[in-house]
A.B. asks: 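Please find one structure pasted underneath; my questions will follow.
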Number of protein chains: 2
Amino acid sequence: MTERTPVPPPHPAQDVTEHVGYRLKRTAAALRGAMDRALREHGLTVPQYSCLELLDERPGLSNADLARGTFVTRQSANVVLRGLGDAGLITRPATADHGRALPAHLTPAGRERLHAARGAVYAVEARMITGVPADRLPALLADLDAMTEALGD
Amino acid sequence: MTERTPVPPPHPAQDVTEHVGYRLKRTAAALRGAMDRALREHGLTVPQYSCLELLDERPGLSNADLARGTFVTRQSANVVLRGLGDAGLITRPATADHGRALPAHLTPAGRERLHAARGAVYAVEARMITGVPADRLPALLADLDAMTEALGD
DNA sequence: CGACGCATGTCAAAATGCTGACATGACCGA
DNA sequence: TCGGTCATGTCAGCATTTTGACATGCGTCG
């Protein structure tokens, strides 16, 4: 069987709650909850805000691009985009001029809504990094990247 | 609550992908995917494995306890527990003897399944912390904890 | 004792996300 | 030119999760 690894724990970790994965999941869950609460006042969900932020930064992103950027499937991203379009926050051409990708763009209303919500989200992030020494932040980001890449990206 | 950081952003971060939240979400998504793939061979989902691990560590946990431990609602945890019970991996008394909480316990089959899957999960975690200097791991865990606590836990 | 708050388990309905599948259009190598 | 390959958008079905609500049991305080 797969018992070739005698499970040599590099570090004791007799408690599951000591594992990196558990902590990671816990922090991500806390962040998700805080963002949900912060965005509710602005009438946005986390996936919606993520798409808006991505589109503000790089206008013309396609549905598949946004799906990759928000770590969901194309189908889920399509639902989000449809909702944003119905709300008048983004526009998408009915037909593609080049390939099959439909480039999405923020409407003035979308930009306005994003700017309003951005303050709340940034406040959450600022609150989150409270307690983390500023000089250790780069190392933290680097470690997160290293872990992501080690998992096959 | 003195704003000792009057400077708008302590670090530029003109790009969303530079934000801590984005990296955190990305790493958590990668971990979730890797764990899904690793557990599929053992016929378990991530929530199921989480419950099994928690129950192995602290037998007698109630449904609500497991919900809190896996960061989901009681209803979701109930579905997971029902599935584990149908699979014969856990047992739960039909009636509560003290309060209303029904203490769950691993069956021998559940313990065996958990031990088999644990190797795969630990391998994923070991692979994830590849690239992260071992001496910086404690700081990483501490930072994750600090961020979680700062978000109100 | 009795009422209230609180936690728990559970049901029903809705929202959300994913898997599988299909058709279309661009790109590339033979 | 043509055939294969890949990426995209979209549809349908299913699984998972959440929201909202309700009943039950315990503890506490009046």
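All heavy atoms count here, side chains included; hydrogens, waters and symmetry mates do not. So that the names make sense, note that chain A is the first sequence line, chain B the second, and so on, each numbered from 1.
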A.B. asks: Using atom CG of A:Leu102 as one end and atom C1' of C:dT24 as the other, report the distance to the nearest whole Å.
C.D. replies: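 So the CG-C1' distance, A:Leu102 to C:dT24, works out to 12 Å.
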A.B. asks: Check whether A:Thr107 reaches the backbone of A:Gly88 with its side chain - one donor and one acceptor, N or O, closer than 3.5 Å.
C.D. replies: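 Present.
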A.B. asks: For the pair made of CG in B:Asp97 and C1' in C:dT8, what is the distance, rounded to whole Å?
C.D. replies: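 Spelled out: CG on B:Asp97 to C1' on C:dT8 is 14 Å.
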A.B. asks: Produce the list of close N/O pairs, under 3.5 Å, pairing protein atoms with atoms of nucleotides 11-17 of chain C; give distances to one decimal.
C.D. replies:
| from | atom 1 | to | atom 2 | distance (Å) |
| --- | --- | --- | --- | --- |
| C:dC11 | OP2 | B:Arg82 | NH2 | 3.3 |

A.B. asks: Rounded to the nearest angstrom, tell me the gap between atom CZ in B:Arg74 and atom C1' in C:dT10.
C.D. replies: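 Spelled out: CZ on B:Arg74 to C1' on C:dT10 is 9 Å.
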A.B. asks: Angle, rounded to 10°, between the helical axes spanning five pairs at each terminus of the helix from C:dC1-D:dG30 to C:dA30-D:dT1?
C.D. replies: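 Comparing the first five pairs with the last five, the axes sit 20° apart.
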A.B. asks: Give the C-alpha distance, both sets of side-chain angles, the deciding distance and a yes or no for side chain to side chain contact (heavy atoms under 4.5 Å, CB included) between A:Val46 and B:Lys25.
C.D. replies: CA-CA 12 Å; A:Val46 171; B:Lys25 193 173 175 182; 4.0 Å; yes
A.B. asks: Considering all heavy atoms of both residues, which atom of A:Leu54 and which atom of A:Leu61 are nearest to each other, and what is their separation?
C.D. replies: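 Distance-wise, the nearest heavy atoms are O-CD2, 4.2 Å.
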A.B. asks: Checking B:Asp65 side chain against B:Ser62 main chain: does a donor-acceptor pair fall under 3.5 Å?
C.D. replies: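 Indeed, once roles are kept as given, a pair shorter than 3.5 Å links the two residues.
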A.B. asks: Measure across B:Leu102 and B:Ala96 and return the closest heavy-atom pair with its distance rounded to 0.1 Å.
C.D. replies: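 For B:Leu102 and B:Ala96, the tightest heavy-atom pair comes out as CD2-N, 3.5 Å.
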A.B. asks: Less than 4.0 angstrom between a side-chain N/O of A:Arg100 and OP1 or OP2 of C:dC27, yes or no?
C.D. replies: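 A:Arg100 to C:dC27 OP1/OP2: no side-chain N or O under 4.0 Å.
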A.B. asks: Can a salt bridge be assigned to the pair A:Arg26 and B:Asp145 using a cut-off of 4.0 Å between side-chain N and carboxylate O?
C.D. replies: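 Looking at B:Asp145 together with A:Arg26, the answer is yes, because their closest N to O distance falls below 4.0 Å.
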A.B. asks: Report yes if at least one side-chain N or O of B:His98 is closer than 4.0 Å to OP1 or OP2 of C:dA7; otherwise report no.
C.D. replies: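 So the side chain of B:His98 is outside the cut-off, no N or O lying under 4.0 Å from OP1 or OP2 of C:dA7.
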A.B. asks: Apply the test side chain to side chain contact (heavy atoms under 4.5 Å, CB included) to residues B:Ile90 and B:His105: give CA-CA distance (whole Å), side-chain angles for both, the deciding distance (0.1 Å), then the verdict.
C.D. replies: CA-CA 5 Å; B:Ile90 66 160; B:His105 288 269; over 6 Å; no
A.B. asks: When the nearest nucleotide of DNA chain C is assigned to A:Gly99 and to B:Ser62 on a heavy-atom basis, which residue is associated with the more 5' position?
C.D. replies: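 Whichever sits nearer the 5' end wins; that is B:Ser62.
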A.B. asks: Along DNA chain D, 5' to 3', what are the outermost nucleotides having an atom less than 4.0 Å from a heavy atom of chain B?
C.D. replies: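 Endpoints of the contacted stretch of DNA chain D: D:dT17 to D:dG27.
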A.B. asks: Using the ring-ring contact (aromatic ring centres under 6.0 Å, His included) rule, take B:Tyr122 and A:His19 through it: C-alpha gap first, then chi angles, then the decisive distance, then the call.
C.D. replies: CA-CA 9 Å; B:Tyr122 281 18; A:His19 285 57; 5.2 Å; yes
A.B. asks: Whole angstrom is fine here: how far is it from CG in B:Asn63 over to C1' in C:dA7?
C.D. replies: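 To the nearest whole Å, that distance equals 12 Å.
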A.B. asks: Is a donor on one side and an acceptor on the other found under 3.5 Å between the side chain of A:Gln48 and the backbone of A:Leu84?
C.D. replies: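 Answer holds: no.
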A.B. asks: Would you find a donor on one side and an acceptor on the other, under 3.5 Å apart, between the side chain of B:Thr27 and the backbone of A:Leu144?
C.D. replies: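 Looks like yes, one N/O pair under 3.5 Å.
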A.B. asks: Could A:Asp36 and A:Arg32 be called an ion pair, given the rule that one side-chain N must be under 4.0 Å from one carboxylate O?
C.D. replies: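 A:Arg32 and A:Asp36: salt-bridged.
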